[in-house]
Engineer: 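Pasting in a structure now, in structure tokens, and then I'll have a few things to ask.
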Number of protein chains: 2
Amino acid sequence: MKMPTKGFSHKKPTIKDIAKLVGVSHVAVSKALKDAPDISSALKEKVNRVASEIGYMPNASASYLSSKNTAHNIGMIVPSLGADTAYDEAFKAISEAAAFKNHSILLGVSDRNRDLERQYCRIMCENRVGALIISPISSEIEDIKQICAQTVPLIFIGGKVDSKEQHCVHLNYSKSAALAVDYLYALGHRDIFLFLYHPMNKTIMQKKEGYEKAMRARNLTPTVYLEGESADTYTAGCVLTESLIKSGNLPTAIWCASDLMAIGVMDTLKLNHFKIPEDISVMGHDNLPFSKFSAYQLTTFDVPKKALGEAAVNMALTIMENGDDEERIHVSLEALLIKRGSTGKAPVKIRDKGNEI
Amino acid sequence: MKMPTKGFSHKKPTIKDIAKLVGVSHVAVSKALKDAPDISSALKEKVNRVASEIGYMPNASASYLSSKNTAHNIGMIVPSLGADTAYDEAFKAISEAAAFKNHSILLGVSDRNRDLERQYCRIMCENRVGALIISPISSEIEDIKQICAQTVPLIFIGGKVDSKEQHCVHLNYSKSAALAVDYLYALGHRDIFLFLYHPMNKTIMQKKEGYEKAMRARNLTPTVYLEGESADTYTAGCVLTESLIKSGNLPTAIWCASDLMAIGVMDTLKLNHFKIPEDISVMGHDNLPFSKFSAYQLTTFDVPKKALGEAAVNMALTIMENGDDEERIHVSLEALLIKRGSTGKAPVKIRDKGNEI
DNA sequence: TTGTATGCGTTATCAA
DNA sequence: TTGATAACGCATACAA
């Protein structure tokens, strides 16, 4: 029989211990601790005093098990947390709102690994989180739905899922595409390329289709390049740009599917003595923290990360309080164009030979 | 009586349901599910088949309540997750190792708010995490210790706590200071400033003292500037640099306590037509993702974030498996100098009037 | 205003 | 190899 010196995983005081010390039943203590209306304030005071004296700490597992209606945690699964995404901000919004109601967040980073994502789903289910906020790594969500069915309500966030059959906070990326082409066209650009990366999920497809549609609507030829993986779009931007420079096939404007990719493009252009935006305009997407640095001044789209988190956590809390009824909640958010110094008027020589009507 | 259509927070299958269907006691099912040696493989197979058929999902709360020795989660509290820190990487290392053992991470972001930090400590305790990995916002950890005492073992990470009485993975920042001065001195710099920000916690103090000691050891005069807050060190870097430019009091090299601050410094210098590193060298600390961008090429210190997370999670898992014995575990990590283009030889005119012996 | 009895889902102990 | 029973800490319905 092991007896840890520090007393962990050993005997923590329970409401029964308090009950003994105060001289009442553990039921009275339970009620007193949660400030029930049918307990005398004298007893409440006594109970609370003794509780803090002996270092009583409620046991969330026991509480949950006993009263089945109140889950104590919220789950969240994201593909990444690092510089390439902005889920840290969404997490902060979620976590803060949850902490306010004494819930905590179980966070899993799937690292764009399907097996890990499923593993986290299972963990969340076993922990009976009140809701699982998930930005899936793919639009194929059948396996996720199957794992969590009947156990945990799902809230999908991000650009990959936009179904009326699921709760979701959806980011509309096709709108970004329309705005990007609009903006560059107004600056005189006719030769606009789009840089994408693998995998070709719904997020990327929306940008691609939105871009192609907007270009064709103006009688312009869409040109799409695809390179690299979502885990390292910076390098993809560098590689693409270098090959374009070599082939002498540069447009007057490049829109990149991610800020990091745009940074790679700008770095490569500058190394090759191109001026931004005088020679070429560059745009990104996501408004990541470094985009505003004066060395880049990247024109980009701000995705409302905080609003995303807030919408999601509100859904989660609603579900946890009122149950998950038939009706699916659906929130749609759009990115906002942030104009900075990386974009400017199209260079004159190019504009002259452009296909203006 | 509410009956949620989707069946959440309602009746999930339990081992008793499996027991009924298979025709054995729930105890046999419990054992079968965990592959106990004293159960026939025939029964195991049957049980597992039925379990997956009816969508059985273990209940971690019940499991924990029953067998007190195995906590199922690990807690983690950090001051921030965003671009100004690098805890996302540490988190990933921790989370991955934990998921491997079917543990999940309860994450709290204190946002450098003391009340929130305490709130999260309480939540972690109520959830009975097996260990709490915390990077406290201050070196004053008495309140944290008091809240968690007897309930949750603490593992301190980062530069703020370096006590033999606590488990900790400590980052030694004074070593960085020595290396920074060493390196700049070897490049010919004699006029080296240190830029710091509030609050003056242990992390900052280590850099300050290490720097001053190293400078004095070379008969150089230490010059320390203090500006802004940890939440926005970029602006602090800009402000400090502008005022130095105005007063014409620029050194040949500046070492900043954070990369973000160094970026602010570089941006401001470049806006004022200073060349880096020809006119002035700039160094940072932390090797954040943007430091390597070719527009900055920031010489900095890489703090071993992954190693930090790995050391911490190993401690946590050890404690969860073997209990928390008397002996405190102590790991010390040092940052590694990353030489890039933002530092170079001291400008000649300055070197001539420098105080060389 | 307080107490008794019962149950939540699982594991541990011991007996069969 | 399996099963009956008790226990984990707390909350609820109902009784006192």
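Naming: A, B, ... by sequence-line order, numbering from 1 per chain. Please read these numbers as outputs of a predicted model, since none were measured by experiment.
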Engineer: Salt bridge or not between A/Glu89 and A/Lys92? Use side-chain N to carboxylate O under 4.0 Å.
Structural biologist: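 Here A/Glu89 does not pair with A/Lys92 in a salt bridge, since their nearest N and O are not under 4.0 Å apart.
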Engineer: Is there, by distance only and without an angle test, a donor paired with an acceptor across the side chain of A/Ser66 and the base of D/dC10 below 3.5 Å?
Structural biologist: yes
Engineer: Would you call B/Glu140 and B/Arg114 a salt bridge, taking side-chain N to carboxylate O under 4.0 Å as the test?
Structural biologist: no
Engineer: So, the side chain of A/Glu117 versus the backbone of A/Ile137: is there a donor-acceptor pair under 3.5 Å, distance only?
Structural biologist: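 Such a contact is found between A/Glu117 side chain and A/Ile137 backbone.
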Engineer: Roughly, in whole Å, what's the span from CD in A/Glu126 to P in C/dT10?
Structural biologist: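 Atom CD in A/Glu126 sits about 10 Å away from atom P in C/dT10.
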Engineer: Does C/dG9 have OP1 or OP2 sitting under 4.0 Å from an N or O in the side chain of B/Ser61?
Structural biologist: no
Engineer: Donor-acceptor check, side chain of A/Thr318 to backbone of A/Asn314, threshold 3.5 angstrom: yes or no?
Structural biologist: yes
Engineer: Can you sort out which residues in residues 26-34 of chain B have a heavy atom within less than 4.0 Å of DNA chain D? Ascending by number, please.
Structural biologist: B/His26, B/Val27, B/Ala28, B/Lys31
Engineer: Could you tell me how far apart A/Ile15 (CD1) and C/dT4 (P) are, to the nearest whole angstrom?
Structural biologist: 14 Å
Engineer: Just how far, in rounded Å, is P of D/dC10 from CG of A/Asp17?
Structural biologist: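 Whole-Å distance recorded here is 9 Å.
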Engineer: Could you work out which one of D/dT2, D/dG3, C/dT10 sits closest to the side chain of B/Ser40?
Structural biologist: D/dT2
Engineer: Measure the CG-CG distance between A/Asn48 and A/Leu43 for me, rounded to the nearest 0.5 Å.
Structural biologist: 9.5 Å
Engineer: Please map the stems of DNA chain D, keeping only stretches of three or more Watson-Crick or G-U wobble pairs with both distances under 3.5 angstrom.
Structural biologist: C:1-16 with D:1-16
Engineer: Between A/Asn127 and B/Asn73, is any side-chain donor less than 3.5 angstrom from a side-chain acceptor?
Structural biologist: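 Present: a donor and an acceptor within the cut-off.
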Engineer: Is a side-chain donor or acceptor of A/Ser139 paired with a backbone partner of A/Lys160 at a separation under 3.5 angstrom?
Structural biologist: yes
Engineer: Using atom CG of A/Leu65 as one end and atom C1' of C/dC8 as the other, report the distance to the nearest whole Å.
Structural biologist: 4 Å
Engineer: Applying the side chain to side chain contact (heavy atoms under 4.5 Å, CB included) criterion to A/Met315, which one of A/Val169, A/Ile157, A/Ile133 satisfies it?
Structural biologist: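 Single side chain to side chain contact (heavy atoms under 4.5 Å, CB included) partner of A/Met315 among A/Val169, A/Ile157, A/Ile133: A/Val169.
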Engineer: For A/Met57 and D/dC10, give me the distance from atom CE to atom C1', rounded to whole Å.
Structural biologist: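 For the pair A/Met57 CE and D/dC10 C1', the rounded distance is 16 Å.
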Engineer: Phosphate oxygens OP1/OP2 of C/dT2: is one of them under 4.0 Å from a side-chain N or O of A/Ser25?
Structural biologist: no
Engineer: Please tell me which of B/Tyr56 and B/Asp38 maps to the more 5' nucleotide of DNA chain C, matching each residue to the nucleotide holding its nearest heavy atom.
Structural biologist: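 It is B/Tyr56 whose nearest nucleotide is closer to the 5' end.
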Engineer: Could you give the CG-to-P distance, from A/Asn59 to D/dA11, as a whole number of Å?
Structural biologist: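 The answer, rounded to whole Å, is 10 Å.
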Engineer: OP1 or OP2 of C/dG7 less than 4.0 angstrom from a side-chain nitrogen or oxygen of A/Tyr64, does that happen here?
Structural biologist: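 For A/Tyr64, the contact criterion (side-chain N or O under 4.0 Å from OP1 or OP2 of C/dG7) is not met.
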Engineer: Nearest heavy atom decides the nucleotide; on that basis, is B/Arg128 or B/Pro37 closer to the 5' end of DNA chain D?
Structural biologist: B/Pro37
Engineer: Taking B/Thr85's backbone N and O only, do any of them form a donor-acceptor pair with B/Ser80's side chain (distance below 3.5 Å, no angle check)?
Structural biologist: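 A pair under 3.5 Å: no.
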